[in-house]
Amino acid sequence: MSWLKLYLFALLALSSSAWAAGEINAADVSWMMVATTLVLFMTIPGIALFYAGMVRKKNVLSVVMQSFAICCAVTIVWYAVGYSLAFSGGNWFIGNFDNVFLKNIQIDTMHGSIPEMLFMMFQMTFAILTPALMCGAFAERIKFSALFLFMILWSLFCYAPVCHWVWADEGWLFKAGALDYAGGTVVHINAGVAGLIACIYLGKRIGYGKEVMAPHNLVLALTGACFLWIGWFGFNGGSGLAADSRSVMAIVVSQIAAAAAALTWMICEYIVNKRFTVLGAISGAVAGLVAITPASGFVTPAASLFIGCCGGLVCYFGATRLKYKLGYDDSLDAFGVHGVGGIVGALLTGVFASDMITGETMKPVAEQLWIQFESVIATFIYAAVVTYILLKIVDLLIGLRVSAEEERVGLDLSLHGERLE
């Protein structure tokens, strides 16, 4: 019996040292493979169908093609240099070129308890989703070739630096203590602000405010929204990179916030218009998921209920009042939902982040709220300036907007030579 005890003790000691050395944890790997798939599912087909249902019939294939092409282009950009710029060393602003084309990352190179290849792939799905979200702001009026070039440049010069600021150990917002569990600043504010600048730069759609531009198929939009909701469990639940209780809590609070925001949006609609709409319900759910994203690994279920209600309320006015008051044509409310919701969520993270969830002592609320405010302002300004510069460059090189005739015919037929019958 003594020999058996000695043998078991030796096994325990070896397993402990292996864990300290960063050996693979099978449960973490399994969950992160699922989470990676779920986040990719948010773009294809989630965003593709969500946006396809909300545009006019003559532009359905164009927005589906945008999401699919962005997925392909950003995959190669991330593999070639994007991941290295975002996560490999560098300075306070940007990473270096140590991992271009995944150089120095072997099959057994570890990132915590999972292979770094899996971490790279998980982060790739975020890099894909972010520009795809932006497309909703200027749908139905941009050249496909211009969008393709712009998104490649934007992923390198806007997404990668902001990702490095917030999530890389060397990033200045990471060191400042900014909290963004799953992408409130990196994904939603970044994409929302970029979309706002792009839709203002491109100008309004022909007939905007004069012609009916109602969604052509809300069943498609609802299907896409449901895919987004389900995929968001990987988006938020996977951002802890582990199969643990905190990941479970991230999924729980995501569900509660989405439901609360959807109900809040529906109530607002009924108070204002005396009716409930499918478009309102799904927009509210997405707004709640956006708002809870930065907070998902830091807050309790009670806090997520409040965050969801705030997200639904503020995004309702952002999508139905703000754009008309300021006069810009945010086609599918990318800024109204993602930009506004991301700001709400980032700030409320500073209010409700709890050491009960994190297991760490949190900063005083006033101090954390100020750090969150800094991260919001920095992301807003940087995304706005860089997006404008890149739009100007692409416009000078190949032009951004389709001709008036192409826009009237519809982008499906004029750009892609295809249409729905």
Side-chain angles (χ1 to χ4, degrees), residues 85-96 111-113 119 122-123 126-127 130 158-193 235-242 244-247 249-250 253-254 257 290-304 306-307 310-311 338-384:
L85 291 176
F87 288 102
S88 62
N91 52 45
W92 65 271
F93 181 80
I94 193 69
N96 56 38
H111 185 95
S113 62
F119 174 73
F122 181 65
Q123 290 296 336
F126 281 64
T130 307
C158 197
Y159 181 82
V162 175
C163 182
H164 183 81
W165 297 355
V166 178
W167 286 336
D169 292 343
E170 299 81 5
W172 71 277
L173 286 175
F174 181 87
K175 288 185 175 180
L179 300 178
D180 186 359
Y181 193 71
T185 49
V186 178
V187 176
H188 297 295
I189 297 176
N190 210 4
V193 171
F235 191 77
N236 289 350
S239 289
L241 307 179
D244 57 16
S245 56
R246 195 172 179 186
S247 295
M249 184 61 78
V253 299
S254 298
V290 170
I292 196 61
T293 290
S296 55
F298 303 114
V299 301
T300 64
S304 73
F306 183 82
I307 292 172
C310 288
H338 296 281
V340 173
I343 292 170
V344 170
L347 295 177
L348 290 180
T349 300
V351 176
F352 291 107
S354 170
D355 52 15
M356 292 173 56
I357 306 300
T358 64
E360 302 171 358
T361 302
M362 306 304 297
K363 292 181 175 67
V365 171
E367 182 181 348
Q368 188 63 57
L369 188 57
W370 175 250
I371 295 171
Q372 298 300 107
F373 179 75
E374 284 184 320
S375 70
V376 168
I377 295 300
T379 304
F380 196 108
I381 293 174
Y382 183 80

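Predicted, not measured: the structure shown is a model, and the values here were computed from it.
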Please list every donor-acceptor pair under 3.5 Å in which a side-chain atom of residues 185-193 meets a protein atom from a residue at least two apart or in another chain.
residue	atom	partner	partner atom	Å
Thr185	OG1	Asp180	OD2	2.5
His188	ND1	His338	ND1	3.1
Asn190	ND2	Val186	O	3.2

Item to complete: Mind checking side-chain contact (heavy atoms from CB on, under 4.5 Å) for Trp370 and listing every partner two or more places apart, or none if nothing turns up?
Response: Phe373, Glu374
Discussion item. Holding to side chain to side chain donor-acceptor pair (under 3.5 Å), I want the full list of residues that pass it with Gln123, two or more places apart in sequence or in another chain.
Written reply: none
Practice prompt. For residues Ala182 and Asn236, report the shortest heavy-atom separation together with the two atoms involved.
Written response: CB-OD1, 3.2 Å
Worksheet item: Among all residues two or more places apart in sequence or in another chain, which pass the side chain to side chain donor-acceptor pair (under 3.5 Å) test with Thr130?
Response: none
Worksheet item: Would a distance-only check, ignoring hydrogens and angles, find a side-chain to backbone donor-acceptor pair under 3.5 Å from Gln372 to Leu179?
Response: yes
Worksheet item: Sub-3.5 Å donor-acceptor pair from the side chain of Ser88 to the main-chain atoms of Asn96, do we have one?
Response: yes
Practice prompt. Keeping the roles fixed (side chain from Arg246, backbone from Gly297), state whether a donor-acceptor pair exists under 3.5 Å.
Written response: yes
Practice prompt. Compare all side-chain heavy atoms of Ile292 with those of Val299 and state whether any distance is below 4.5 angstrom.
Written response: yes
Worksheet item: Are any side-chain N or O atoms of Trp165 and backbone N or O atoms of Phe174, one a donor and one an acceptor, separated by less than 3.5 Å?
Response: no
Discussion item. According to side chain to side chain donor-acceptor pair (under 3.5 Å), who are the partners of Ser247, at least two apart in sequence or on a separate chain?
Written reply: Asp244
Discussion item. For a 4.5 angstrom cut-off between non-hydrogen side-chain atoms, does Thr300 reach Ile357?
Written reply: yes
Discussion item. Ring centroids only, cut at 6.0 angstrom: are Phe126 and Tyr159 within range, meaning strictly under it?
Written reply: no
Practice prompt. Please identify each residue that fulfils ring-ring contact (aromatic ring centres under 6.0 Å, His included) with Tyr181, with sequence neighbours left out.
Written response: Phe298
Worksheet item: Strictly by modelled atom types, are Asp355 and Thr361 linked by a side-chain donor-acceptor pair under 3.5 Å?
Response: no
Discussion item. Counting C-beta onward and ignoring hydrogens, is there a side-chain heavy-atom pair between Ser254 and Phe235 closer than 4.5 Å?
Written reply: no
Fill in: Between CD on residue Gln368 and CG on residue Leu347, distance to nearest 0.5 Å
11.0 Å
Practice prompt. May I ask you to test the Lys363-Ile371 pair for a side-chain heavy-atom distance under 4.5 Å?
Written response: yes
Worksheet item: What distance do Ile307 atom CD1 and Thr349 atom OG1 have between them, rounded to the nearest 0.5 Å?
Response: 5.5 Å
Worksheet entry | CZ/Phe306: more than 12 non-hydrogen atoms of other groups inside 6.0 Å | no
